[in-house]
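Here is the structure we will look at, set down as structure tokens.
Note that this is a predicted model, so its numbers are computed, not measured.
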Amino acid sequence: MKCKTLMVVVLIATAIGFMFSHRVDAQSEKPANEQLVIVWSSADREVALNMVFMYATPSRQLGMWDDITLVVWGPSAKLLADDEELQIHIKHMIGLGVVVKACKLCADHYGVSYKLEELGITVKYMKELTDYIKEGRNILTF
């Protein structure tokens with residue numbers, strides 16, 4: 001009888017441990033369908049102000065997505081490096097918790113990597129974009 005009781009206790013403890021570890025894992029990893037990646041490649045200032053920023057900022061403020069990453073890609077890197085008003089918007093988004101990254105190859109091409117880094121943007125080779133797509137994250141492009 002003691003052996004059966006011990007076995008039941010071990011099984012219950014194992015089940016509780018499994019449930020607890022699953023719950024912690026689920027909380028630490030956000031589902032891909034709750035993660036948004038915005039790829040901003042346009043050199044058009046109006047697109048930046050009235051599309052990219054107008055969607056990303058309120059989306060973060062209202063908690064519409066668990067995770068928002070803005071990728072500065074191509075001509076948008078030069079536009080951002082040269083436009084102080086856009087830089088203010090980017091700093092505000094970073095302050096709200098939007099992760100902002102820039103393609104290093106693009107930024108180096110325009111000679112603006114250092115300016116983007118000064119804004120608090122992570123400048124790196126963006127193999128991550130392929131990873132984001134394969135993970136099933138939501139991708140929005142401007």
Q.
Under the side chain to side chain contact (heavy atoms under 4.5 Å, CB included) test against K101, which residue among T122, V123, V72 passes?
A.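 Of the listed residues T122, V123, V72, the side chain to side chain contact (heavy atoms under 4.5 Å, CB included) partner of K101 is T122.
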Q: From the options I90, L140, I94, I121, select the one residue that forms a side chain to side chain contact (heavy atoms under 4.5 Å, CB included) with L70.
A: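 Looking at I90, L140, I94, I121, the match for L70 under the side chain to side chain contact (heavy atoms under 4.5 Å, CB included) is I90.
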Q.
So that I know where these two stand, are W40 and Y55 an aromatic pair - ring centroids less than 6.0 Å apart?
A.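 For W40 and Y55, the ring centres are not under 6.0 Å apart.
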**Q.** Common cluster, I88/V52, ILVMFWY with side-chain heavy-atom separation under 4.5 Å
**A.**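 Unlinked, I88 and V52 end up in two clusters.
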**Q.** L62 with V99, same ILVMFWY side-chain cluster at under 4.5 Å
**A.**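 Unlinked, L62 and V99 end up in two clusters.
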Q | Sequence-distant partners of S41, side-chain hydrogen bond (donor to acceptor under 3.5 Å, both in side chains), two or more places apart | A |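 Expected list: none.
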Q: Please identify each residue that fulfils side-chain hydrogen bond (donor to acceptor under 3.5 Å, both in side chains) with D82, with sequence neighbours left out.
A: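 With sequence neighbours excluded, D82 shows a side-chain hydrogen bond (donor to acceptor under 3.5 Å, both in side chains) to K78, given in chain and number order.
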Q | Shared-cluster residues of I133, by chain and number - hydrophobic side chains joined below 4.5 Å | A |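 For the cluster that includes I133, the remaining residues are V37, V39, V71, W73, M126, L129, Y132, I139.
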**Q.** Connected-component partners of M54 among ILVMFWY, side-chain separation under 4.5 Å
**A.**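 Listed partners: none, M54 stands alone.
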Q.
Restricting to non-hydrogen atoms, name the atom on P75 and the atom on A43 that form the minimum distance, rounded to 0.1 Å.
A.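 Closest pair (atom of P75, atom of A43, distance): CB-CB, 3.5 Å.
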(Q) Is any side-chain heavy atom of L96 closer than 4.5 Å to one of Q61? (A)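 Heavy-atom side-chain distance check passes, below 4.5 Å.
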(Q) Are the side chains of L79 and Y110 in contact, using a 4.5 Å heavy-atom criterion? (A)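 No, their side chains stay 4.5 Å or more apart.
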Q) Can you name the residues that form a salt bridge (Lys or Arg N to Asp or Glu O under 4.0 Å) with D66, not counting sequence neighbours? A)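 For D66, no residue satisfies salt bridge (Lys or Arg N to Asp or Glu O under 4.0 Å) once neighbours in sequence are set aside.
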**Q.** Worked check of side chain to side chain contact (heavy atoms under 4.5 Å, CB included) between D108 and Y125
**A.** CA-CA 10 Å; D108 285 350; Y125 295 107; 4.3 Å; yes
(Q) Would E34 and D67 count as a side chain to side chain contact (heavy atoms under 4.5 Å, CB included) here? Give the steps. (A) CA-CA 7 Å; E34 291 297 327; D67 182 314; over 6 Å; no
Q | Stepwise side chain to side chain contact (heavy atoms under 4.5 Å, CB included) test for E128 and T69 | A | CA-CA 11 Å; E128 284 179 49; T69 300; over 6 Å; no
**Q.** Between CH2 on residue W65 and CD on residue Q35, distance to nearest 0.5 Å
**A.**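 The CD atom of Q35 is 10.0 Å from CH2 of W65, to the nearest 0.5 Å.
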(Q) Suppose we screen for side-chain contact (heavy atoms from CB on, under 4.5 Å). Which residues come up paired with E85, at least two apart in sequence or across chains? (A)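 For E85, the residues satisfying side-chain contact (heavy atoms from CB on, under 4.5 Å) (neighbours in sequence not counted) are R45, L49, D83, H89.
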